[in-house]
Amino acid sequence: MTETLLAPAETRSLASLGDYGWFRRAVILIALAAIWEGYARYLGNALLLPSFSATLQALYEGIASGELIARTAATLTVLGKGYALGILVSAVLALFAITNRWGGELLNVLTAMFNPLPAVALLPIALLWFGLGEPSLVFVIIHAVTWPLSLNVLTGFRAVPPTLRMAGRNLGLGGVRFAIFILIPAAFPSILAGLKIAWAFAWRTLIAAELVFGVGSRSGGLGWFIYVNRNQLETANVFAGLLVITLIGLIVESLLFRSITRLTVERWGQQD
Amino acid sequence: MTLQPSPSQQPRPAPPVLSLAHVTLRYATPKGPVTAAEDISFSLAQGERLALVGPSGCGKSSLLRAIGGFLAPASGRITLTGGRTASQPDASRMMVFQEFEQLLPWRTVLGNVTFALKVARKLGRADAERIARDWLGRVGLGAFTNAYPHTLSGGMKQRVAIARAFALAPEILLMDEPFAALDAITRRKMQDELLGLCKETGATLVFVTHDIDEAVRIATRIIALSPHPGRIAGEFAAGGVSHGAGGGPDALETAIRAAFSKAPPLQVQEAQHD
């Protein structure tokens, strides 16, 4: 702290660049890449730890050959299906729960039972029921999405201020229109938080499921790509796969959800 | 108990826009039913401005909610124009609440009023926006139509709610201590503005307040309620007295206070929320 205060004049321009978050992030990322590169070269064992440049090379080749693209597409397709179905199940459960006391209790019990259960733990059962393939993965993703999301949606609905509810009913809104025009937007901060958590659960669940149980080489996703390459000791490809997983996670969590938050709850002054 | 109307008041037109007959309101609480208001009867003619005054716990807010259709009476009847019963809320009675949360935070100032007009009056976008802009201009928010509610001060939020209520041109405006959460200067200013809008439009108003001064300023008629449970302690014609005009309001205020002190049970402290 004192050092910064007493810094000589020449470092002023650097210090002011450091005021930008993106600049600090870029510096940290470059530093991490440099450390990785340096240590990998020092180790000199590409089987254990390929260098950063070798990983980028593998990433480039994977993209150029189309294999990584196809794997990523496979993973995202399964994820999209499971996520969408999970949202649908949550919506039905949450709407049932707010319109009916039994529905509320049902959701409470189901959430208490299933929320602590990691979705991957259901995979053996899913494989037994649906066989080796996409339906099993979709099933575990639905499980990963439904409980945290329903819980958030219900909490959001219940937290809608009574005055706002009355203001809505005063306009003659009821039933589905009341839900669409008042409840859902009013509960949106909570719903968005639920969607974020559900995404994180679904993403991690799917990659783990693919890694462990990978589904046939033709339709396998990113997890399967990593699994196969590890077996073939193509460690650079493994790291390229991990890089793609990280990138997609970053894009969705920092860009997509961040933008939605900025355009909605922040603009409405509802950020908790 | 009733002071007779001052000469300036017009004779009441025949059919009332609102009439309450022996209305009793009860709440179910974990400790059993609580009676909020008991045997309340009055009727209201077109263009009247009625203030329901009383200390906390006299059931005045509950009564307003029952008129709005948010609360069903345990007994008695609330009748509107054309013999309708006030069993469901609708835009024929527009409520302005004390809480700022009555605005939709995800819509702009203009959006809040326009949305109400589209939903409750089935207006097209262009008509709704025209009426909304007109009313927002009248409450002095013409420059804030694109602002989101959370960026406004408390007084401005209440102005949006008032503009929204007036824009829908309801049969009766219901206001539940709309200025109670505002500072004294803003409150005073908004009382005058509300009075101006009411006179301009000839609106029928039921206004709930615990502030006798506010009631005297805004209302043409005042009903004083005694607490636990709320009963009518007295009714007064305020007859559009303007504040500061020769003793009128002060005398009225004294009379209202006297009504409270005579009504059993005697003055109850502000112990419970309404």
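Chain A is the first sequence line, chain B the second, and so forth, proteins listed ahead of strands; every chain is numbered from 1.
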> So which of B:A120, B:S92, B:P170, B:G69 has the biggest tally of heavy-atom pairs under 4.5 Å with chain A?
Replying inline: B:A120
> What part of A:I182 lies closer than 4.5 angstrom to a heavy atom of chain B: side chain, backbone, both or neither?
Replying inline: both
> Taking all atoms of both residues into account, what is the closest heavy-atom pair of B:P105 and A:Q270, and its distance?
Replying inline: CG-NE2, 3.3 Å
>> Can you give me the closest heavy-atom contact between B:Y148 and A:W268, atom names plus distance?
In response: CE2-CD1, 3.6 Å
>> With a 4.5 angstrom heavy-atom cut-off, is it the side chain or the backbone of A:F188 that approaches chain B, or both, or neither?
In response: neither
>> Between B:L103 and chain A, with a heavy-atom cut-off of 4.5 Å, which part of the residue counts as in contact: side chain, backbone, both or neither?
In response: backbone
> Can you name the one residue among B:Q98, B:M95, B:Q102 that meets side chain to side chain contact (heavy atoms under 4.5 Å, CB included) with A:T163?
Replying inline: B:Q102
> So do A:L171 and B:F115 actually touch side chain to side chain, heavy atoms under 4.5 Å?
Replying inline: yes
>> Just to verify, what does A:R169 make a salt bridge (Lys or Arg N to Asp or Glu O under 4.0 Å) with, not counting sequence neighbours?
In response: none
> If you count heavy-atom pairs under 4.5 Å between each of B:E101, B:R107, B:R93 and chain A, which one has the most?
Replying inline: B:E101
> Side chains of A:R165 and B:F70: closer than 4.5 Å at any heavy-atom pair?
Replying inline: no
>> If I compare all heavy atoms of A:P185 with all of B:W106, which pair ends up nearest, and what's the gap?
In response: CB-CE2, 3.2 Å
>> How about CD on A:E253, more than 12 heavy atoms from neighbouring residues, nucleotides or ligands closer than 6.0 Å, or not?
In response: yes
>> Quick one, A:R177 and B:V119 - any side-chain contact, counting heavy atoms below 4.5 Å?
In response: yes
